[in-house]
Amino acid sequence: MEKLADKKMVFVRKWLIGMGYFFREYTMYNLIFTYFAIDIFLEGGTASYSYIFWLKIFGFITTATIYYWSRKKYFYFFHNFGLSIRELFISAFLIDACLTFLALILSNLIYQWIF
């Protein structure tokens, strides 16, 4: 039973290391779209959720395409960690969506506090 737990811990550790490297580089490109999402949210309020959603989808697809074609050989590093390209991009999208949601909440609170 301990061997199964050790294998799970090794997988989680590899996933965290791999996602750390991938997300750090990927986020640098995707922050532009997050900034625009915050700007749209502060200007339009809750009525702008659909615009933010489509902006983030467009930003994700654009960034993923550019990253995939410019860094194709770099994915072997993640393959050695046991992570597929699909897992990398899905995880990055989910993490980015959560961070965007937190950024929208924090920017709204700060905006209301200042003004």
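Numbering of residues begins at 1 and proceeds along the displayed sequence. Side chains are part of it too, since the values below use all heavy atoms of this structure and drop only hydrogens, waters and symmetry mates. In this text the structure is predicted, and so the values were computed from the model without any measurement.
- Ser48 places a side-chain N or O within 3.5 Å of a backbone atom of Gly45 that can act as its donor or acceptor partner.
- Taking CZ from Phe36 and CD1 from Ile32, the interatomic distance works out to 7.5 Å, rounded to the nearest 0.5 Å.
- Partners of Ser50 under the side chain to side chain contact (heavy atoms under 4.5 Å, CB included) rule, at least two apart in sequence or in another chain, do not exist in this structure.
- Formation of a donor-acceptor pair under 3.5 Å by the Ser107 side chain with backbone atoms of Leu104 is found in this model.
- The local environment of OH in Tyr68 is sparse, with at most 12 non-hydrogen atoms from other residues, nucleotides or ligands closer than 6.0 Å.
- Hydrophobic clustering (ILVMFWY, side-chain heavy atoms < 4.5 Å, transitive): Phe77 and Phe89 are in one cluster.
- Residues Lys56 and Thr34 are in side-chain contact: their nearest non-hydrogen atoms beyond the backbone lie under 4.5 Å apart.
- The CD1 atom of Ile40 sits 5.0 Å away from atom CG of Leu55, with the distance rounded to the nearest 0.5 Å.
- The CG atom of Asn30 sits 13.5 Å away from atom CD of Glu25, with the distance rounded to the nearest 0.5 Å.
- The same ILVMFWY cluster, assembled from side-chain heavy atoms under 4.5 Å apart, contains both Phe93 and Trp69.
- Each of Leu106 and Ile38 belongs to its own hydrophobic cluster when Ile, Leu, Val, Met, Phe, Trp and Tyr are linked at side-chain heavy-atom distances under 4.5 angstrom.
- The two atoms that bring Phe33 and Tyr29 nearest to each other are CD1-O, 4.3 Å, heavy atoms only.
- Counting only heavy atoms from C-beta outward, the side chains of Leu88 and Trp15 never approach each other to under 4.5 Å.
- Using a 4.5 Å heavy-atom threshold, the side chains of Ile52 and Phe41 count as touching.
- One hydrophobic cluster, built from ILVMFWY side chains closer than 4.5 Å, holds both Phe58 and Tyr49.
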- Can you list the steps and then say if Thr63 with Tyr26 is a side chain to side chain contact (heavy atoms under 4.5 Å, CB included)? CA-CA 8 Å; Thr63 306; Tyr26 182 79; 3.5 Å; yes

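- Residues Ala92 and Met19 share a closest heavy-atom pair of N-CE, 3.7 Å.
- With sequence neighbours left out, Tyr51 forms a ring pair (Phe, Tyr, Trp, His ring centres under 6.0 Å) with no residue at all.
- Scored by the ring pair (Phe, Tyr, Trp, His ring centres under 6.0 Å) test, Phe78 finds Phe22, Tyr74 as partners (sequence neighbours excluded).
- Considering only heavy atoms from C-beta on, Phe53 comes within 4.5 Å of Ile57 through its side chain.
- When hydrophobic clusters are built by joining Ile, Leu, Val, Met, Phe, Trp and Tyr residues whose side-chain heavy atoms come closer than 4.5 Å, directly or via intermediates, Leu94 is not grouped with Ile105.
- At least one side-chain heavy atom of Leu99 sits less than 4.5 Å from a side-chain heavy atom of Phe23.
- Considering every non-hydrogen atom in both Ile61 and Thr65, the closest pair reads O-OG1, 2.7 Å.
- By the neighbour-count criterion of 12 heavy atoms within 6.0 Å, atom CZ of Arg13 is sparsely surrounded, having that number or fewer from other residues, nucleotides or ligands.
- With a 6.0 Å radius and a threshold of 12 heavy atoms from other residues, nucleotides or ligands, Tyr21 has its OH atom at or below the threshold.
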